[in-house]
Number of protein chains: 2
Amino acid sequence: MESTNDNVRSQMRKGVLEYCILSILSRKEAYASSLLEELKAANMLVVEGTLYPLLIRQKNQGLLSYRWEESPQGPPRKYYVITEKGRGQLAEMDAAWQEMVESIQALRH
Amino acid sequence: MESTNDNVRSQMRKGVLEYCILSILSRKEAYASSLLEELKAANMLVVEGTLYPLLIRQKNQGLLSYRWEESPQGPPRKYYVITEKGRGQLAEMDAAWQEMVESIQALRH
DNA sequence: TTTCAATACCTTGCAACACAAAGTACCAAA
DNA sequence: TTTGGTACTTTGTGTTGCAAGGTATTGAAA
């Protein structure tokens with residue numbers, strides 16, 4: 001069944017979304033809709049209702065800031081920018097991710 | 001701060017715990033307390049309040065079964081056993097995990 | 001001028017889950 | 001019979017992912 005498969009993947013994505021967001025934003029600024037597309041392209045599908053609160057949380061933690069920018073068409077865009085604190089967090093997440101990959105590799109022999 | 005670091009790791013562990021449990025049980029039967037020790041040794045620390053409900057969920061999904069066994073000391077132990085369905089799920093999780101590792105590797109360049 | 005479609009941001013209500021903490025039960029030795 | 005070790009279970013709380021619905025801006029078509 002497809003849905004079982006989807007649940008497995010969806011479950012695993014939990015906990016690494018913040019890592020993915022910071023990773024993308026560490027390379028370039030982006031607004032929510034463009035992040036959605038990048039994540040989709042990276043097979044880390046997320047929906048609006050997940051992403052917006054997550055960005056707000058990261059901003060409140062001081063990991064991100066943002067600025068408004070006119071759009072060529074439609075309403076203005078909220079471009080998120082990673083902060084120094086965010087880069088620090090990203091470095092920690094890199095280490096944590098690496099360790100987890102190794103732990104699981106060990107578990108799977 | 002230590003706690004920030006812990007939060008990052010704790011957050012990332014979410015979603016792969018079920019994978020770890022099935023992985024351990026695919027090699028040998030185990031009871032909760034011994035699973036706790038194995039996970040701790042594998043740097044995937046979990047606490048009782050997390051593990052017990054998780055095992056019950058996986059049992060209710062038909063991924064695990066269990067049998068009681070006398071303990072040399074103390075109350076009887078509930079040995080969990082992976083089922084065929086559980087092995088199927090584990091195979092899916094292997095694939096999902098592999099894909100996610102690759103996705104994140106791509107995101108991180 | 002009004003309507004429409006596209007774009008973009010945000011909120012609400014719900015369910016799942018990890019965890020801390022407290023509770024229950026069994027057993028053997030002191 | 002009390003104590004300590006082992007083991008399983010439950011309760012309450014906070015966080016989070018998600019579906020669904022809502023608000024607002026813009027430009028072009030009707």
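These figures come from a predicted structure and were not determined experimentally.
Put simply, B:Ser10 has a side-chain N or O that comes within less than 4.0 Å of OP1 or OP2 on C:dC19.
Checked against a 6.0 Å centroid threshold, the rings of B:Tyr31 and B:Tyr79 count as neighbours.
For the pair B:Met12 CE and C:dA18 P, the computed distance is 16 Å after rounding to whole Å. Note: CG (B:Leu36) to C1' (C:dC19) measures 13 Å, nearest angstrom. Atom CD of B:Glu70 is separated from atom C1' of D:dT6 by 13 Å (rounded to the nearest Å). Nucleotide D:dT25 holds its C1' atom 16 Å from the CD atom of A:Glu69, rounded to whole Å. Rounding to whole angstrom units, CG of residue B:Leu51 and C1' of C:dA18 are separated by 12 Å. Between the CZ atom of A:Arg13 and the C1' atom of C:dA16 there is a distance of 15 Å, given to the nearest Å.
Proximity of a side-chain donor or acceptor of A:Arg27 to a complementary backbone N or O of B:Leu107 within less than 3.5 Å is detected. Counting only distance, with no hydrogens or angles, the side chain of A:Lys85 and the backbone of A:Gln61 share a donor-acceptor pair below 3.5 Å. Listed for the A:Ser103 side chain is a donor-acceptor partner under 3.5 Å among the backbone atoms of B:Ala42.
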Polar atom pairs (N or O), protein with nucleotides 14-16 of chain D, under 3.5 Å:
residue, atom, partner, partner atom, Å
D:dT16, OP2, A:Arg57, NE, 3.2

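The closest side-chain heavy-atom distance from A:Leu90 to B:Arg108 is below 4.5 Å. Taking the side chain as every heavy atom from C-beta outward, B:Met44 and B:Arg13 approach each other to under 4.5 Å. Using a 4.5 Å cut-off on side-chain heavy atoms (C-beta onward), B:Asn60 and B:Arg57 make no contact. Side chains of B:Leu22 and B:Leu64 form a contact here, defined as non-hydrogen atoms less than 4.5 Å apart. Within the 4.5 Å cutoff, the side chain of B:Leu36 has no heavy atoms near those of the B:Lys40 side chain.
Rounding to the nearest 0.5 angstrom, the gap separating the CD atom in B:Gln89 from the CG atom in B:Leu63 is 5.0 Å.
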Going 5' to 3' along nucleotides 6-12 of chain C, which nucleotides have protein heavy atoms under 4.0 Å from the base (write B), which only from the sugar-phosphate (write S), and which from neither (write -)?
-BSBBB-

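Between its opening and closing five pairs, the helix from C:dT1-D:dA30 to C:dA30-D:dT1 changes axis direction by 30°, a value rounded to 10 degrees.
A 6.0 Å sphere centred on CD of A:Gln105 holds no more than 12 heavy atoms belonging to other residues, nucleotides or ligands.
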